[in-house]
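Everything below concerns the one structure shown next.
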Amino acid sequence: MSSQDALDVIASTYNQDIDSNTSLHQRDTFDKNKLSTKTQELDGDANNNNGEVHLRKSFSVWSILGVGFGLTNSWFGISASMVTGISSGGPMMVVYGIIIIALVSICIGTSLSELSSAYPHAGGQFFWSLKLAPPKHKRFAAYLCGSFAYAGSVFTSASTTLSVATEVVGMYALTHPDFKVQRWHIFVCFELLHLLLMLFNCYGKSLPFISASSLYISLVSFFTITVTVLACSHGNFNDPKFVFATFYNETGWKNGGIAFIVGLINPAWSFSCLDCATHMAFEVEKPERVIPIAIMGTIAIGFATSFCYVIAMFFSLRDLDKILTSTTGAPILDIYNQVLGNKSGAIFLGCLVLFTSFGCVIACHTWQARLCWSFARDNGLPWSHLWAQVNPQMGVPLNAHLMSCAWISLIGILYLASSTAFNSLITGCIAFLLLSYIIPVICLLMKKRQIRHGPFWLGKFGLFSNIILLAWTAFAIIFFSFPPVLPVTKDNMNYVAVVIVGYTSYALLYWRFKGRKEFHAMEDDDDMDDGRGNTIETSASLISRDIEEQDDSERVSEIIHIQSDKDNK
């Protein structure tokens, strides 16, 4: 058979409709699922040809749930922030605040789950912004979203580590009545704990085990503490009216409603960071199904544990006035001490909370490192080439992790400047994360939710959830920026508004002078402009082209082989 004959056969074959039942047509059909899988694998290794190491798919659904719940860990968050909640509304505020925030969190989790199911990617919300924003603004939307998300993760790690340090110092103060807690005590403990817990994210193979263990440790600790407290309080429970209808306002705000709203910051912090699981998309099989399960499972477990926990604590505590005037800085320890009547027992229960908090901080570091790494791969940070590397020996984005931890150490200094810095850190965590969530959701609504969605898609309830998320973001940023107590002084001022405005100004200036020239977030299926008018062929388009060229070659070979058989016959 001559070459011209082969070319004639090929041209004829490509111009005719081939019956769908034939094997030749089946080979010609484009396997989109295979391409999607290979694309995600290559996105985990953004520049495989240059030898960059990609993250291992070593996390199971339980490991991802462990990371998500280990970070959110709602009952631990309530324990750490209970002092502010009690003074801003008493038991009633904490109990009903958890219900309110859990309902809001369902809407937030639904919005994130729908997007993570449609576009599973380690970049999470900033990648969704890139996919959904108008072409003219998608790079800026992705950059701004990624900046807010990364800032939120750093503030979360700082606030969580500070809560752990406060508890450690509180345990010492509980056993040493003459010891007076100073801010520098907590600061030194903060830095030492941060240095210790930072080491756990330096080796990748142990992370799935640590993540799954964090889930079990948290649940076992919750069960042990709750049962112990209830058993020791048997026959001496408080009246239900005390738990469900007692309102305390020790904030100085004359308006009880404002005091209640300001107190909501603590249950809101306890249910924050729901996007954590989305950034593990390159490290789990079938992320379009697993990630939504992890997000919604985190909310469900968080509500069940935190609600039961506070009910048990408030039914069992003996003297609320002593809790409000506690000098330990960790009132949950005073509740344990009142109930058990034994400081050693209170320290034991405090240690269970402490072990739970370690898992929470480790999960924070895992999350922030993945955010930093994925954002740096697209040149979203200064010196991105350093933070975009995955250490081949450790199997983790080590540089991104260490750099993020350095920022946490610096942010810890804020605690020395203000006695209410903890609230400022919490508000910064909540505000930056919510701002990062609403950018892709606004883009989704602009598209009237007409996208190629994944297996998790809730239709009208998804639309309702998107609207609630936008409304809650505006509400939280405004009211959580209020001073926690009155009268306001330089020591108790809520400085979060300064932090939000300052960081946003930095992000905009960086975009203006450098980011718009260098930032080039990668998409799964489209080539995009690099900001200089040049076209970047992304990892997905490269792999798609390779597959198509390989398929073309196979089709040509098969056509020639079939025609040769016919000629021989």
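The shown structure was predicted, so the numbers you read here are calculated from the model rather than taken from an experiment.
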Plane angle bin for [Y] and [X] - parallel if under 30°, tilted between 30 and 60°, otherwise perpendicular:
| X | Y | answer |
| --- | --- | --- |
| Y143 | Y510 | parallel |
| W269 | F76 | tilted |
| F187 | F190 | parallel |

Please examine the side chains of [Y] and [X], heavy atoms only from C-beta on, and report whether any two atoms are closer than 4.5 Å.
| X | Y | answer |
| --- | --- | --- |
| P267 | I78 | yes |
| F126 | Y150 | no |
| H365 | S404 | no |

Partners passing side-chain contact (heavy atoms from CB on, under 4.5 Å) against F482 (at least two apart in sequence or in another chain):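 If we apply the side-chain contact (heavy atoms from CB on, under 4.5 Å) test to F482, skipping adjacent residues, the hits are W253, I258, V262, I478, F479.
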
Backbone of [Y] reached by a side-chain donor or acceptor of [X] within 3.5 Å:
| X | Y | value |
| --- | --- | --- |
| D334 | Y336 | no |
| H401 | M198 | yes |
| D378 | G380 | no |
| S163 | T160 | yes |
| R512 | L508 | no |

Shortest non-hydrogen contact between [X] and [Y], atoms and distance:
| X | Y | value |
| --- | --- | --- |
| W387 | C372 | CB-SG, 4.1 Å |
| A312 | T226 | CB-CG2, 3.8 Å |
| S88 | G263 | CB-CA, 3.5 Å |
| S384 | N379 | OG-CA, 3.2 Å |
| I439 | S129 | CG2-OG, 3.4 Å |
| I225 | M313 | CG2-CE, 4.3 Å |

Can you list the steps and then say if F271 with I106 is a side chain to side chain contact (heavy atoms under 4.5 Å, CB included)? CA-CA 10 Å; F271 281 86; I106 291 174; over 6 Å; no

Does a donor on one side chain sit under 3.5 Å from an acceptor on the other, for [X] and [Y]?
| X | Y | result |
| --- | --- | --- |
| W373 | N399 | no |
| S116 | W128 | no |
| Y309 | S74 | no |
| D319 | Q338 | no |
| N494 | S481 | no |

Could you tell me whether [X] atom [atom1] has more than 12 heavy atoms of other residues or ligands within 6.0 Å of it?
| X | atom1 | answer |
| --- | --- | --- |
| Y503 | OH | yes |
| F223 | CZ | no |
| F358 | CZ | yes |

Please confirm whether the ring centroid of H185 lies under 6.0 Å from the ring centroid of F179.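 Yes, the ring centres sit under 6.0 Å apart.
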
Of all residues at least two apart in sequence or in a different chain, which pass the side chain to side chain donor-acceptor pair (under 3.5 Å) check with N337?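 In terms of side chain to side chain donor-acceptor pair (under 3.5 Å), with neighbours along the sequence ignored, N337 is linked to no residue.
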
State which residues pass side chain to side chain donor-acceptor pair (under 3.5 Å) with S147; sequence neighbours excluded, sorted by chain then number. none

Evaluate the side chain to side chain contact (heavy atoms under 4.5 Å, CB included) criterion for residues L469 and L434: first the C-alpha distance (whole Å), next the side-chain angles of each, then the deciding distance (0.1 Å), finally the verdict. CA-CA 8 Å; L469 171 56; L434 287 176; 4.0 Å; yes

The test is side chain to side chain donor-acceptor pair (under 3.5 Å); show your working for S157 and W407 and say whether it passes. CA-CA 10 Å; S157 293; W407 277 113; over 6 Å; no

Side chain to side chain contact (heavy atoms under 4.5 Å, CB included) for T161 and L197? Distances and angles first, verdict last. CA-CA 9 Å; T161 306; L197 297 176; 5.5 Å; no

